[in-house]
Amino acid sequence: MTADPATDVFEEHRPLLTGVAYRMLGRVADAEDVVQEAWLRWYQADRGEVREPRAYLVRITTRLAIDRLRQVQSRGEAYVGPWLPEPYLTEFADTAPDSADRAVLADTVSLAVLVVLESLSPLERAVFVLREAFGYPYAEIATLLDRAEPAVRQLAGRARRHVAERRPRYEVDPARRRDLTERFLAAAAEGDLAGLMSLLAPDVRLVGDSGGKAKAPLRTLHTADKVARFLIGAARKLPAGLSVQPLEVNGGPAALVLVDDKPDSLFQVDIAEGRVTAVYVVRNPDKVRHLTGG
């Protein structure tokens, strides 16, 4: 608690607002900017007229995120190579002890789902995030977005179908993902081709995001053979002074590779039926430097 009630109220809701903004934008810095702008508007508002601070703050944050997303889309900036969301540190075990709630939170912030959300319109994305991630009723979403409830239901249905058609299959159980992640990384580091092949699904894909600022495949790799050989080749070129730090990122276990104690790469895998179905490698320095606060 502070001496300023306005600050206390905002800080109480900051995790929710950050969660909404990040799912809308897929970029940590943009989400933080949106939340900061929401704070300024909250502090300058006539708070005596605000009956429900949570609803008021979510409305401001969502509308600011929609505006930011429209700006990003209108710029149509070219990105070198595949694009992945900026990794987002999560600790859902602390904030959502119920396994069902945790699974929903983890799914809606996963790299796989956020990539799909990039293809939605800003309004569709807002409705999907508020409904699927945070369970808002349609009537409340309609009020937040200043839209009629039937229109919101239509947006939600369209967004849900779009995501369902493109959402990759994956297992969200954290223990299984953690175990397979550790075995996968060990096999790759040891150059164990047979061991690696036994862990990879035949149709596995590897998505490397460098933004042209580090070495990574400029196209998505497909098939177990190509992915395994790439990983073993990359492992042979690992520099000295390397260490690996386990993290929970985007709702699942991940491994942060540090070189001389500085973030270099982030690895995360999706699994289904006991096999790795996708490998995500984030090497863009702009996207990994914040993971250790550096």
Side-chain angles (χ1 to χ4, degrees), residues 22 25-32 77-91 109-112 114-115 174 177-197 199-200 204-222 224-271 276-294:
Y22 175 75
L25 299 164
R27 300 160 181 85
V28 173
D30 283 356
E32 290 174 346
E77 298 169 347
Y79 195 82
V80 178
W83 178 90
L84 288 171
E86 188 175 342
Y88 180 53
L89 288 169
T90 51
E91 291 294 342
V109 80
S110 71
L111 295 180
L114 289 176
V115 168
R177 288 184 70 186
R178 188 175 300 108
D179 174 66
L180 201 57
T181 298
E182 292 172 356
R183 291 161 56 197
F184 161 81
L185 290 171
E190 294 166 5
D192 181 1
L193 180 60
L196 200 51
M197 290 290 289
L199 298 174
L200 299 177
V204 65
R205 59 195 178 90
L206 182 146
V207 185
D209 179 336
S210 70
K213 299 178 180 181
K215 288 187 177 180
L218 292 177
R219 292 183 178 83
T220 300
L221 301 181
H222 296 272
D225 182 67
K226 289 181 180 178
V227 170
R229 293 185 184 281
F230 168 80
L231 289 169
I232 288 177
R236 291 185 182 132
K237 301 174 185 176
L238 291 174
L242 179 146
S243 61
V244 178
Q245 176 184 346
L247 298 173
E248 182 185 290
V249 170
N250 291 78
L256 179 65
V257 176
L258 301 107
V259 177
D260 296 328
D261 295 325
K262 295 180 180 179
D264 177 84
S265 313
L266 181 98
F267 284 79
Q268 190 172 63
V269 301
D270 285 342
I271 67 169
V276 175
T277 56
V279 181
Y280 304 106
V281 185
V282 182
R283 298 212 64 215
N284 185 334
D286 297 336
K287 292 186 176 184
V288 298
R289 65 165 57 101
H290 71 284
L291 293 176
T292 55

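The minimum heavy-atom distance between Gly195 and Ala187, with the atom names listed, is C-CB, 4.2 Å. Listed here is the closest heavy atom pair of Pro239 and Leu242: O-CB, 3.6 Å. Contact detail for Tyr22 and Pro85: the closest heavy-atom pair is OH-CB, 3.8 Å. The two atoms that bring Val109 and Gly251 nearest to each other are CG1-N, 3.9 Å, heavy atoms only. Closest approach of Pro87 to Val249, counting heavy atoms only: CB-CG1, 3.6 Å. The minimum heavy-atom distance between Pro82 and Pro217, with the atom names listed, is CD-O, 3.7 Å.
The closest side-chain heavy-atom distance from Val288 to Arg283 is not below 4.5 Å. Put simply, the side chain of Tyr280 does not reach to within 4.5 Å of the side chain of Asp209, judged on heavy atoms. Side-chain contact between Arg27 and Lys287 is absent, with no heavy atoms from C-beta onward closer than 4.5 Å. Between Leu89 and Leu291, the closest side-chain pair of non-hydrogen atoms falls below 4.5 Å. In this structure, Leu231 and Leu206 have side chains that are in contact, with non-hydrogen atoms separated by less than 4.5 Å. Within the 4.5 Å cutoff, the side chain of Asn284 has no heavy atoms near those of the Glu86 side chain. Using a 4.5 Å cut-off on side-chain heavy atoms (C-beta onward), Val204 and His222 make no contact. The side-chain heavy atoms of Phe184 and Val279, taken from C-beta on, include a pair separated by under 4.5 Å.
A donor-acceptor contact shorter than 3.5 Å is absent between the side chain of Ser265 and the backbone of Val282. Judged purely by atom type and a 3.5 angstrom limit, Gln245 has no side-chain atom pairing as donor or acceptor with the backbone of Leu256. Of the possible polar contacts, one joining the Arg177 side chain to the Val269 backbone as a donor-acceptor pair under 3.5 Å is found.
Take Thr181 and apply the side-chain hydrogen bond (donor to acceptor under 3.5 Å, both in side chains) test, not counting sequence neighbours, and it matches no residue.
Rounded to the nearest 0.5 angstrom, Leu258 CG and Ser243 OG are separated by 4.5 Å. In this structure, CG in Leu221 is found 10.5 Å from CZ in Arg219, a value given to the nearest 0.5 Å. In this structure, CG on Leu114 lies 10.0 Å from CG on Leu84, to the nearest 0.5 angstrom. Rounded to the nearest 0.5 angstrom, Leu266 CG and Leu247 CG are separated by 7.0 Å. Going from atom NE2 of His290 over to atom OH of Tyr88 covers 9.5 Å, rounded to the nearest 0.5 Å.
Put simply, the residue from Leu200, Ile232, Val276 that forms a side chain to side chain contact (heavy atoms under 4.5 Å, CB included) with Val227 is Leu200.
Pairs passing the salt bridge (charged side-chain N to carboxylate O under 4.0 Å, His left out) check and including a residue from residues 179-196, sequence neighbours excluded, read Asp179-Arg183.
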Requested in this report: Go through the steps to decide whether Ile271 and Thr277 satisfy the test side chain to side chain contact (heavy atoms under 4.5 Å, CB included), and finish with yes or no.
Outcome: CA-CA 5 Å; Ile271 67 169; Thr277 56; 5.6 Å; no
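Between the side chains of Arg205 and Thr220, no donor-acceptor pair of N or O atoms lies under 3.5 Å.
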